[in-house]
Amino acid sequence: MSDESQELGITESKSHKPGEWYAEVVQKANLADYAPMGGFIVTKPRGYALWEAIQDALDGWFKETGVDNVYFPMFIPESFLEREKDIVEGFDPEVAWVTQGGHDELEERLAVRPTSESIIAPFMADWTRSHRDLPLRLNQWCSVVRWEATETKPFFRTKEFMWQEGHTAHATNESAWEEVWTRLDQYERVYEDVLAIPVLRGKKPEHDKFPGADTTTTVEALMPDGKSVQGATSHNLGQSFAEAFDITYADEDEDEKTAYTTSWGLSWRAIGALIMTHSDDQGLVLPPTVAPTQVAIVPIWQEDTKEDVLEYSQEIADDLEEAGFRVELDDRDERNPGFKFNEHELNGVPLRLEIGPYEVEDEEVTLVHRPDNEESVEDRDEIVDAVDEHLETIYDKLYQAAEENLENNVREAHSPEEILGTIGKHGGYVKTSWCGDEACEEAIKEKIAAEIVMQPLDDEGGRTAGEVPEPDRDECGVCGDPADEIAYFAKSY
């Protein structure tokens, strides 16, 4: 391999130095750069394309289920934030404040939004008069700032990050719960059907729910290094925000009633999970659903075959583009085929088509899968259908590998020593009975930096427990006191 190829490639090991490896993949695959201010990133076109693919899928599903997009100011007056005391207390260390505009000191501090309930809720109150106005479903795509972020990692944890935040108001608690499940279903769907990542569905423990919420539900994704990623959350806020911001409506009898509200969000942390789950020591690996380039065509020629090979390659590129595939015909003169192979592998292109004089002569195409270099030869006349089938196969390979990682890494433990030993040796999720006392979580967290990332949902289906049966003990796995709850411990991003 040339020095240039070595510089192009990944030098760190995913299994031995996952943090350094991840940072190298993000930069060398041209997804992001570090901003001059610590804790911020510059998202490059290829990285933003991944966010757009997630956004396109979710935004369509949201609109199909009655959601309207809006945009609210990024600055929130301090008096608005203080109307919901739980929000202030929950986000106090994370809020960035603006105190001066131009040369003048502001009369009231403005918070750079850490979340938008406290500015959206007053307008929801203004826009809700009658039961006919409900349910009210709003969503905005924006960035938020949470200043306390330390040990930042591109996409996983930065001081500013992109996300969507949905906010809804309902006449009944039952309608609010239906909303919570609808959004949780859509988040599960985007992970499993778009990102090729299986997830567990659950709820956050009482002490870790969204400030002011009744219940926080979550989808959790397990990374190959054994850490969990909170993939997205959907909150039933009950009536706390509606009472604080006077979101009321006149029912059918003209009696004034207080609404029930929800909020739900997914951030570009999903991109971090995508990179960490599928990529390898050769670079980025992307499922075809989100890859900016799905198919790279690499013509291979000598001078006497160049014209025929390029013409044949162009015809195939045209056919694939016409069929709707995202195709790059890499006909650069200044790069040899080996360099091109390495570069497209590094960039995560799912499928490579190699075309030389033999392929032209035999009217065939050689196809190579990015995840495992599986190679096959297909007829030229069937190339559109063949590419479609191969891309589906590549998606299935990625999903199955991630699913195997998840199913093999949900374990039970029934004592502090077992919990600590299992997480220390294997990582993954450790399932145990729990008394509900936060102190038991702290006892584990202090020793191994693992926490309760989720609990099974009480009245909802879904992939909650994996293949592991419910623990057959009714004593807390940490303190031994009576326990009627289940907790999943894990290290997390």
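Side-chain contact between Thr289 and Leu195: absent, with no pair of heavy atoms (C-beta onward) separated by less than 4.5 Å. Side-chain contact between Trp141 and Leu58: present, with at least one pair of heavy atoms (C-beta onward) separated by less than 4.5 Å. Looking at heavy atoms from C-beta onward, Thr293 lies out of side-chain contact with Arg46 at the 4.5 angstrom threshold. With a 4.5 Å cut-off on side-chain heavy atoms, Lys44 and Asp33 count as touching. Ser118 is not listed as a side-chain neighbour of Arg83, based on a closest heavy-atom distance of 4.5 Å or more. No side-chain heavy atom of Val219 sits under 4.5 Å from any side-chain heavy atom of Leu200. Within the 4.5 Å cutoff, the side chain of Ile54 has heavy atoms near those of the Leu266 side chain. At least one side-chain heavy atom of Ser376 sits less than 4.5 Å from a side-chain heavy atom of His390.
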>> Under the criterion side chain to side chain donor-acceptor pair (under 3.5 Å), I'd like the reasoning laid out for Glu117 against Ser263: C-alpha separation, chi angles, the key distance, then a yes or no.
In response: CA-CA 8 Å; Glu117 277 80 1; Ser263 66; 2.8 Å; yes
>> Evaluate Glu475 against Asp481 for side-chain contact (heavy atoms from CB on, under 4.5 Å), listing each step before the verdict.
In response: CA-CA 5 Å; Glu475 297 91 20; Asp481 285 351; over 6 Å; no
>> The test is side chain to side chain donor-acceptor pair (under 3.5 Å); show your working for Asn69 and Asp59 and say whether it passes.
In response: CA-CA 9 Å; Asn69 281 339; Asp59 199 60; 2.9 Å; yes
>> For a side-chain contact (heavy atoms from CB on, under 4.5 Å) check, start with the C-alpha distance between Ser267 and Gln164, then their side-chain angles and the critical distance, and finish with the verdict.
In response: CA-CA 6 Å; Ser267 79; Gln164 60 74 211; over 6 Å; no
> Step by step, would you call Ile76 with Val95 a side-chain contact (heavy atoms from CB on, under 4.5 Å)?
Replying inline: CA-CA 11 Å; Ile76 302 175; Val95 177; over 6 Å; no
>> Does Thr432 form a side chain to side chain donor-acceptor pair (under 3.5 Å) with Glu412? I'd like the steps, not just the answer.
In response: CA-CA 6 Å; Thr432 190; Glu412 276 196 44; over 6 Å; no
> Could you walk me through whether Ser228 and Tyr429 pass the side chain to side chain donor-acceptor pair (under 3.5 Å) check?
Replying inline: CA-CA 8 Å; Ser228 183; Tyr429 298 110; 2.8 Å; yes
> Could you go step by step and tell me if Leu351 and Leu391 meet the side-chain contact (heavy atoms from CB on, under 4.5 Å) rule?
Replying inline: CA-CA 7 Å; Leu351 185 63; Leu391 291 178; 3.9 Å; yes
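Taking CD of Gln140 as the start and CG of Asp68 as the end, the distance is 13.5 Å to the nearest 0.5 Å. Distance check, rounded to the nearest 0.5 Å: NE2 of His369 to CD1 of Ile394 gives 4.5 Å. With rounding to the nearest 0.5 angstrom, the NE2 atom of His235 is 12.5 Å from the CG atom of Asp214. Note that the CZ atom of Arg109 and the CG atom of Leu81 stand 9.5 Å from one another [nearest 0.5 Å]. In this structure, NZ in Lys28 is found 5.5 Å from CD1 in Ile10, a value given to the nearest 0.5 Å. Note that the CD atom of Glu403 and the CG atom of Asp396 stand 10.5 Å from one another [nearest 0.5 Å].
With hydrogens and angles disregarded, a donor-acceptor distance shorter than 3.5 Å links the side chain of Ser240 to the backbone of Leu237. With hydrogens and angles disregarded, a donor-acceptor distance shorter than 3.5 Å links the side chain of Arg411 to the backbone of Asn408. Side chain of Glu160 to main chain of Ser143: no donor-acceptor pair is present (N/O by atom type, distance under 3.5 Å, no hydrogens or angles). Side-chain atoms of Arg113 come within 3.5 Å of backbone atoms of Phe72 as a donor-acceptor pair (strictly under, hydrogens ignored). Using a distance-only test at 3.5 Å, with no hydrogens or angles considered, a donor-acceptor pair links the side chain of Asp280 to the main chain of Gly283. The backbone N or O of Leu284 lies less than 3.5 Å from a partner atom in the side chain of Arg370, making a donor-acceptor pair. Checked by atom type and distance alone, the side chain of Ser279 never pairs as donor or acceptor with a backbone atom of Met276 at under 3.5 Å. Lys159 contributes a side-chain N or O that, together with a main-chain N or O of Trp147, makes up a donor-acceptor pair within less than 3.5 Å. Between the side chain of Thr158 and the main chain of Pro154, no donor-acceptor pair closer than 3.5 Å is present. Between the side chain of Tyr395 and the backbone N or O of Asp193, at least one donor-acceptor pair lies under 3.5 Å.
A centroid separation of 6.0 Å or more is found between the aromatic rings of Phe210 and Trp264. Note: Tyr260 and His170 fail the aromatic proximity criterion, with ring centroids not under 6.0 Å apart. Phe40 has its ring centre no less than 6.0 Å from the ring centre of Tyr34. In summary, the aromatic rings of Trp268 and Phe155 are positioned with their centroids under 6.0 Å apart. A distance of 6.0 Å or more separates the ring centres of Trp181 and Tyr187.
Exactly one residue among Lys431, Glu485, Lys203, Glu206 makes a side-chain hydrogen bond (donor to acceptor under 3.5 Å, both in side chains) with Gln455. That residue is Glu485. When the options Arg189, Arg183, Glu188 are evaluated for a side-chain hydrogen bond (donor to acceptor under 3.5 Å, both in side chains) with Gln186, the one that passes is Arg183.
Between the side chains of Thr11 and Glu24, at least one donor N or O sits under 3.5 Å from an acceptor N or O.
A salt bridge between Asp372 and Lys397 is present, with a side-chain N of the basic residue lying under 4.0 Å from a carboxylate O of the acidic one. A salt bridge links Asp185 to Arg201: one of the charged nitrogens lies within less than 4.0 Å of a carboxylate oxygen. The pair Glu220-Lys204 meets the salt-bridge criterion, since a charged nitrogen lies less than 4.0 angstrom from a carboxylate oxygen.
No more than 12 heavy atoms of other residues, nucleotides or ligands lie within 6.0 Å of CD in Glu404, so this atom counts as exposed by the packing criterion.
Minimum interatomic distance between Tyr191 and Gly231 (heavy atoms only, all atoms of both residues): OH-O, 2.9 Å. Of all non-hydrogen atoms in Asn405 and Asn409, the two that sit nearest each other are O-ND2, 2.6 Å. Across all their heavy atoms, Leu286 and Pro350 have their closest contact at O-CG, 3.5 Å. The shortest heavy-atom contact between Glu165 and Thr115 is OE1-OG1, 3.8 Å. Minimum heavy-atom separation, Trp434 to Cys440: NE1-CB, 3.8 Å. Scanning both residues, Tyr493 and Lys227, for their nearest heavy atoms gives CE1-CB, 3.6 Å.
For the pair Arg352 and Phe341, the distance from NZ or CZ to the six-membered ring centre is under 6.0 Å and the angle to the ring normal is within 45 degrees.
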